[in-house]
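Just below is one structure, and these are the notes that go with it.
Computed from heavy atoms alone, side chains included, the values below leave out hydrogens, waters and symmetry copies. Order of the sequence lines fixes the chain letters, A, B, ..., with proteins taken first and strands second; residue numbering starts at 1 for each chain.
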Amino acid sequence: MRAPGAPAGPGFLRGALAVAAKDLRLEWRTLEALSAMALFSLIVLVVFNFAFDLSTVRRLGAARLVPGVLWITFSFSGIVGFARSFQIERRRDSLTALLLAPVDRGALFAGKALANLAALLALEALVLPLSAVFFDYDLLAVLGPMLLVVGLHTIGLAELGTLFAAVAARVGRGEALLATLLFPAASPVLIAAVRCTSAVLDGSDLASASRWMLVTAGFDGLFFFVALLTFEHVLED
Amino acid sequence: MKAAGRLPCPALLLATAALMPAALWMAFVYAPEEKVMGPVQRIFYFHVPSAAVTFASVLVLAVASVAHLTTRRRIWDHVALAATEIGLVFCTIVLVTGPIWAKSAWGAWWTWEARLTTTLVLWLLLAAILMVRGYAESREQAARLAAVLGIVAALDVPIVYKAVDWWRGQHPVVFGRGREAALAPGMLVAFLFCLVVFFLLYASLLCLRVRLLDLRERARDLSDLLGER
Amino acid sequence: MTDEPILEARGLTKRFGSIAAVDGIDLELRRGESLAVFGPNGAGKTTLTRILTSTLRPTSGTLRIAGRDPREDELRSRRILGLISHQTFLYDDLSARENLVFFARMHGLRDARERADALLASVGLGERADDPAGTFSRGMQQRLALARCLVHDPEIVFLDEPFTGLDPHAASLFRAALGRIRSEGRTLFLVTHSLAEGLELCERWTILSAGRIAARGRSEETDRAALEREYFLRVGKPRSPGAVA
């Protein structure tokens with residue numbers, strides 16, 4: 001049956017939003033990635049508590065210990081989610097249908113990255129209170145700056161994570177290759193994230209960490225455009 | 001393809017072969033001995049040129065990657081691959097010679113100093129690119145994915161450097177700005193000479209590798225042609 | 001205007017390492033025409049389909065879709081072509097309607113929901129619209145895939161072994177649906193193992209062997225037995241196993 005008039009394509013923004021909404025709807029329905037990420041995070045937090053005995057935790061204080069624990073948890077759980085976002089496209093080869101849609105490949109990247117960002121932020125909303133309980137610090141007192149810092153640095157992780165997950169999926173590999181690619185490349189974001197989180201937990205003014213936030217903001221912006229421009233070469237066969 | 005045939009490999013090789021013994025002589029004999037550190041300091045006539053070559057190789061990688069993605073010509077992929085491999089070799093030299101010097105100068109094999117840490121991160125990135133190439137299903141795919149990763153890696157390096165620099169604070173650096181004047185003239189001459197020779201060595205290796213990759217490609221094309229008859 | 005071929009390929013070649021999966025293929029399809037492509041596994045049928053749908057770059061040769069090189073204006077050529085394969089390209093955990101609405105949005109349709117419902121009804125899945133695609137039988141999934149392919153009303157439809165895994169009843173339902181989309185004036189490019197299906201559905205046929213066109217003809221002038229003789233004559237020498245299908 002014929003439709004009235006040939007559509008012109010959704011354009012960049014609507015295409016990206018359609019992909020993100022589809023990914024999040026799938027995730028909401030199955031909770032496959034989030035449940036795996038949440039369980040994994042829980043295990044990492046518990047393992048870290050085994051790794052340090054209580055006196056060490058008390059002596060070092062939350063500001064020294066928690067930032068590292070948090071960002072290792074976030075980035076490893078992120079990898080689980082990023083890898084899955086391309087596995088769902090391989091199951092029935094739906095990636096081919098996405099590639100046949102009249103949208104810029106960059107829009108596919110933006111949509112996937114947006115969904116990955118949302119999933120990782122949801123996980124972080126779960127892990128942050130949990131870490132406050134496990135490592136005994138007052139999250140509510142620093143909630144505002146903490147959300148800002150976590151959000152900003154998660155953007156960078158989700159961007160590079162999405163690009164590299166596509167690369168790994170293209171060569172038929174999963175989380176291991178993704179981790180190998182992501183950790184060195186994202187090291188500036190991880191360093192900045194730990195620095196800023198540390199400043200937040202110290203109760204110091206966020207202005208003291210402003211240059212780190214600038215590094216991350218620049219990193220987020222730069223690699224967003226790099227990924228937009230290069231994504232078509234990753235997806236091409 | 002024909003471009004690779006015109007590369008001046010023999011000239012570069014000859015120049016490198018002729019000047020390398022002279023560089024060794026400059027580093028071990030001509031340059032005066034450093035008063036505090038003694039002979040260990042001479043490692044810097046190899047360490048710093050290797051580092052310079054490594055980062056130059058990243059630049060070559062970036063240019064070749066962009067050129068490959070825009071033109072899709074194989075020659076640019078060969079240059080990118082050669083720059084990755086040879087960059088990795090010189091990167092390894094930096095990572096081996098650095099700690100040897102650090103042990104005697106600072107008393108520790110490894111310090112998370114900005115330049116050393118950036119070099120380590122770069123080593124990991126280059127190794128990961130070669131890994132992805134190995135996993136790829138076809139040469140075209142290997143070339144494209146490696147080019148994308150090459151661009152990301154090249155852009156990443158200065159950010160990593162700046163981040164680690166702020167993170168660990170300034171550590172003493174031997175050939176840093178402002179200290180150059182403190183170098184004895186003999187040391188400076190030896191260092192500059194070694195720098196030039198290392199770049200010649202790099203150019204020769206790059207040239208040979210690109211030529212080899214090109215010949216291998218042509219051999220494959222020929223065997224394809226023959227296989228069809 | 002109407003005489004201009006909608007698809008025109010000259011000397012298409014694609015090499016994977018030492019294998020030429022597609023080797024110098026010339027093709028021409030006019031609007032509303034239908035072509036069946038037969039060939040054994042490894043003949044290069046899937047590779048050819050992927051080149052024609054611009055998901056794979058040819059090593060050499062030229063391709064024109066509706067008069068223009070699809071590489072020059074990728075979005076335009078993607079707007080007028082649709083693809084169905086033995087994979088459904090659907091999301092098992094989304095309902096039939098959600099699948100179609102998503103792909104309608106990806107093609108920029110404003111009335112995505114209405115379009116999805118109309119298509120679901122036309123392939124006989126109206127009553128299962130809210131069930132997850134993963135719970136459908138293979139035949140229903142393939143009809144849903146057909147609806148997905150038609151969501152943006154493509155002028156030319158590529159089908160790559162669409163009957164794979166269908167039972168006889170599902171296959172006949174699917175065949176009827178294909179007959180309908182042909183009668184709507186769409187151009188059809190059907191890749192199949194099945195000589196009977198190709199002859200029934202398409203006006204022209206061609207046999208692909210070792211990446212080359214080995215024979216071609218018109219379906220009305222060809223009887224099944226003659227085509228079978230021709231086919232086994234042409235593909236008598238099977239290519240090495242593991243070659244690209």
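In this structure, the side chain of A:R92 does not engage the main chain of C:L90 through any donor-acceptor pair within 3.5 Å. Side-chain atoms of C:R78 come within 3.5 Å of backbone atoms of A:V103 as a donor-acceptor pair (strictly under, hydrogens ignored).
No other option in A:L235, A:L17, A:L99, A:D104 has as many heavy-atom pairs under 4.5 Å with chain C as A:L99. Ranked by heavy-atom pairs under 4.5 Å with chain A, the first of C:R148, C:R57, C:E74 is C:R57.
For the atom pair CG of A:L26 and CG of C:L94, the computed distance is 4.0 Å after rounding to the nearest 0.5 Å. Within the model, atoms NZ of A:K22 and CG of C:N99 stand 9.5 Å from one another, a figure rounded to the nearest 0.5 Å. Here the CZ-CG distance, from C:F158 to A:L100, works out to 9.5 Å after rounding to the nearest 0.5 Å. To the nearest 0.5 Å, atom CG of residue C:D92 and atom OG1 of residue A:T30 are 11.0 Å apart. We find the CZ-OG distance between C:F103 and A:S94 to be 6.0 Å, quoted to the nearest 0.5 Å.
In this structure, C:L109 and A:R14 approach most closely via the heavy-atom pair O-NH2, 4.4 Å. Of all the heavy atoms in C:R105 and A:P10, the pair that sits closest is O-CB, 3.3 Å. Smallest separation of non-hydrogen atoms from A:D93 and C:F89: O-CD2, 3.1 Å.
Considering only heavy atoms from C-beta on, C:Y91 comes within 4.5 Å of A:E89 through its side chain. With a 4.5 Å cut-off on side-chain heavy atoms, A:T96 and C:R50 do not count as touching. Side chains of C:H107 and A:P102 form a contact here, defined as non-hydrogen atoms less than 4.5 Å apart.
Heavy-atom distances place no part of C:R76 under 4.5 Å from chain A, backbone and side chain included. For A:E32, the part lying near chain C is the side chain, with the backbone staying farther off; criterion is any non-hydrogen pair under 4.5 Å. Neither the backbone nor the side chain of A:R90 comes within less than 4.5 Å of any heavy atom of chain C. Neither the backbone nor the side chain of C:I80 comes within less than 4.5 Å of any heavy atom of chain A.
Counting heavy atoms of neighbouring residues, nucleotides and ligands inside a 6.0 Å radius, atom CZ of C:R110 does not exceed 12 of them.
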message: For a side-chain contact (heavy atoms from CB on, under 4.5 Å) check, start with the C-alpha distance between A:E236 and C:T55, then their side-chain angles and the critical distance, and finish with the verdict.
response: CA-CA 7 Å; A:E236 190 186 312; C:T55 51; over 6 Å; no
task: Tell me, with the steps shown, if A:R91 and C:Q87 meet side-chain contact (heavy atoms from CB on, under 4.5 Å).
output: CA-CA 9 Å; A:R91 197 170 292 165; C:Q87 291 279 10; over 6 Å; no
